[in-house]
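Structure first, then comments.
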Number of protein chains: 2
Amino acid sequence: MKRKITLKQIARELDVSISTVSKALRNSAEISEDTKQKVQAFAKLYNYRPNNIALSLKNRKTNTIGIIIPEIVHHFFSKVIRGVELVANNRGYNVIIGLSNESFSKEVINMDMLANGSIDGFILSISKETLQLQDYHHFNETMSQGMPIVMFDRVVSDIKCDKVIVDDLNGAKNAVKKLIENKCKSIALITTKDYVSVGKLRTQGYLEALEEHKMTPKADLILKIDDTLDYKVDLEELESEIEQLFKSNKKIDGVFAVNELYALSAMKVARKLGLDIPNDVQVIGFTDGVLSKHSTPSLTTVSQHAQHMGEKAADLLIDKLENEINEDADEEYQTVIIATDLIERESTK
Amino acid sequence: MKRKITLKQIARELDVSISTVSKALRNSAEISEDTKQKVQAFAKLYNYRPNNIALSLKNRKTNTIGIIIPEIVHHFFSKVIRGVELVANNRGYNVIIGLSNESFSKEVINMDMLANGSIDGFILSISKETLQLQDYHHFNETMSQGMPIVMFDRVVSDIKCDKVIVDDLNGAKNAVKKLIENKCKSIALITTKDYVSVGKLRTQGYLEALEEHKMTPKADLILKIDDTLDYKVDLEELESEIEQLFKSNKKIDGVFAVNELYALSAMKVARKLGLDIPNDVQVIGFTDGVLSKHSTPSLTTVSQHAQHMGEKAADLLIDKLENEINEDADEEYQTVIIATDLIERESTK
DNA sequence: TTGTAGGCGTTATCAC
DNA sequence: GTGATAACGCCTACAA
């Protein structure tokens, strides 16, 4: 077992100084061709690579991005990671992940762990618990120590940092408009409680779409699911709530659900009640997961371009990292809004 | 913007030496209560945290695990990551990810990047291209530099390292046995080309199950899909191949597919051909993804316990890292086999 | 009880 | 053209 070779070892072997070796390897003009050749050959032979950790210490720059997400077993988040990773690698950065598991304390601990020198900046999406508690001190502290943060998807306006968000409002609005255009008269909304910002915005989109078409929102057409900390939704419970919705409102001919699972459950319940999709009820979901694509009937859905969000977030962060020259010069933060697309499949006409 | 505080700064502020501060913070008996109090209070006030990078350099230990997977937008792999992360964090490690994207060169580059001091060891699953090329030099080189590797799921016997694998053979065997017990007489297999080790083993399980029940495998019941480097399978192509299978073999009453997507496609094609599931054809898939659970009918499948694999892999790796005391003493490697479970749902009787 | 010095691996500056 | 030295932040053996 040969340990990784260092400059010091090369220097000893070739009987030159460490700094000569260092310079030779960086092809410095100061060093004679002869020495350079010798050193470079030797380095190649032993497959020398500078130690990242030493470089990080010296440069006070790790070239590593920390990404904190609530959950990784989730298409949206894993696609975002893929986007981040893609851009990061292209620009010479590594990605280190932390999972908050939707928990406030895990989010804090994880950020703490990484903030102590392991990374140069964060890309993150806020956990549900944090959103509920509205305790954002860890974000502000991190930033006040000069570590930039880019938030995506689940963000809050209180925090001043770069953000990448989905155009939830218009995504939802367009989806509901589509249902209206398709002659739906009684459109149900299946959404989450309001503290999840995206749920709130999608709900708003639903309301605005109705309004624009002079339709009056009816409270009994709106179902708000409480999936608080419990990201593993209880399917039975969910379906029974949806069943209540359908039963207490027999005229429902359209459903807009703020995520894939709610939409699928709605389809399942509808079928169970003898309704045909899309002839009796048309359904649209939100998110670009696998379920939508492979369900029967396949689900019309609002695509969020998750990977693109990740790419954009990574670019924003790295731009900021590499422009630290002008330090706290222009403290201007951007919010990039990613447009959605409606992907039409079999669940709508 | 206040930069992170260091020992040096604390020392200067309190007018003591750096080592005094260091010792005081570690509650050394050498230091007077007085000084300790003073230092600790100051450190707390300024929220001092030792710099990870400096520690890594000093200890030649990063407390970071590198994980290289072919693809992150994939339930199996993201569950594995979740398992790794869980154990790693509990044991004081961070996780850094690299995506090979099923490409040999990206696998090599990513490992290279991380191996230069960024991490203490690897957990990885081999990319398809690497498996095809059978070029494993990068694994061996990494290990010969004293960096341990734990492989999971996609492994090769040529490489000597710890491994965590699914009991693919018996998983498949039990699935096919189930079909046989359920009176299927003509069981089709939808699998991948043989260079993917797991595909090969699952195929073998299928054959052994038939054999044990004195059923003769028929070549025209076996469909081998070529999903080479193209992890985004062409659905149309896939379905048309499966349709051929069904058409050229009208007696098929059972299907065992080596993954979720093949199974779902088989169900879709069967339905299209007017066959009822599970009455005319029973279907079993492999993997514990979301598709199986939410498809209609829901899919009976072989669960691999991906998260558990991740946990096990992390434990193996960290055990090895923390037992480096006896260095290359006992060069014994373990292969942990994770048993599968058959999750019965609606696609079988 | 406190401080000094050396080293982890690298690079930059400056002296020879 | 080459090498010694300092520094990044931390820890620790040893000296005072």
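Just the heavy atoms: all of them, side chains too, but no hydrogens, waters or symmetry mates, feed the values below. Here is how names work: the chains are called A, B, and so on, in the same order as the sequence lines, proteins then strands, and each is numbered from 1.
Once rounded to the nearest 0.5 Å, the distance linking CD1 of A:I18 with CZ of A:R12 reads 9.0 Å. With values rounded to the nearest 0.5 angstrom, B:T20 atom OG1 is found 10.5 Å from B:L14 atom CG. The line from NZ of B:K23 to CG of B:L25 is 12.5 Å long, rounded to the nearest 0.5 Å.
If you check distances only, the side chain of A:S19 does reach the base of D:dA4 with a donor-acceptor pair under 3.5 Å.
Here the side chain of B:S100 pairs no donor or acceptor atom with the backbone of B:K106 at under 3.5 angstrom.
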Tabulated below should be each protein N or O lying under 3.5 Å from an N or O of nucleotides 14-16 of chain D; please produce it.
none

Contact list (N/O, under 3.5 angstrom) for nucleotides 6-10 of chain D vs protein:
from	atom 1	to	atom 2	distance (Å)
D:dC8	OP1	B:K8	NZ	3.4
D:dC8	OP2	B:K8	NZ	2.9
D:dC8	O3'	A:R60	NE	3.3
D:dC8	O2	A:K58	N	3.4
D:dG9	OP1	A:R60	NE	3.4
D:dG9	OP1	A:R60	NH2	3.4
D:dG9	N2	B:A54	O	3.4
D:dC10	OP1	B:Y48	OH	2.7
D:dC10	OP1	B:N51	N	3.2
D:dC10	OP2	B:L7	N	2.7

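Evaluation of the salt bridge (Lys or Arg N to Asp or Glu O under 4.0 Å) rule for B:E13 yields no partner, not counting sequence neighbours. Taking the side-chain hydrogen bond (donor to acceptor under 3.5 Å, both in side chains) definition, one finds that A:S28 meets it with nothing, sequence neighbours left out.
Atom CD1 of A:I31 and atom C1' of C:dT11 are 13 Å apart (whole Å). When rounded to the nearest whole Å, the span between CG of A:L25 and C1' of C:dT10 equals 11 Å. Atom CD1 in A:I10 sits roughly 14 Å away from atom P in D:dG3 (whole-Å rounding). Atom CG of A:N27 and atom P of D:dT2 are 13 Å apart (whole Å).
Taking a cutoff of 4.0 Å between a charged side-chain nitrogen and a carboxylate oxygen, B:E102 and B:R154 qualify as a salt bridge. Between B:R82 and B:E85 no salt bridge is recorded (no basic side-chain N to carboxylate O distance below 4.0 Å).
For A:E311 and A:Q307, the side-chain atoms include at least one donor-acceptor pair closer than 3.5 Å. Between the side chains of A:S118 and B:N52, at least one donor N or O lies within less than 3.5 Å of an accepting N or O.
Checked against B:D120 for a side chain to side chain contact (heavy atoms under 4.5 Å, CB included), the options B:T64, B:I65, B:L321 give a single hit: B:L321. B:V150 pairs in a side chain to side chain contact (heavy atoms under 4.5 Å, CB included) with only one of the listed residues (B:L316, B:V84, B:D319), which is B:L316.
Of all the residues in residues 32-40 of chain B, B:S32, B:T35 reach under 4.0 Å from DNA chain C with at least one non-hydrogen atom.
Atom OH of B:Y136 sits in a crowded spot, with more than 12 heavy atoms from other residues, nucleotides or ligands closer than 6.0 Å.
Side-chain nitrogen and oxygen atoms of B:S17 include none within less than 4.0 Å of the OP1 or OP2 phosphate oxygen of C:dT2.
Computed from C1' positions of five pairs at each end, the angle between the two local axes of the helix from C:dT1-D:dA16 to C:dC16-D:dG1 equals 70°, rounded to 10 degrees.
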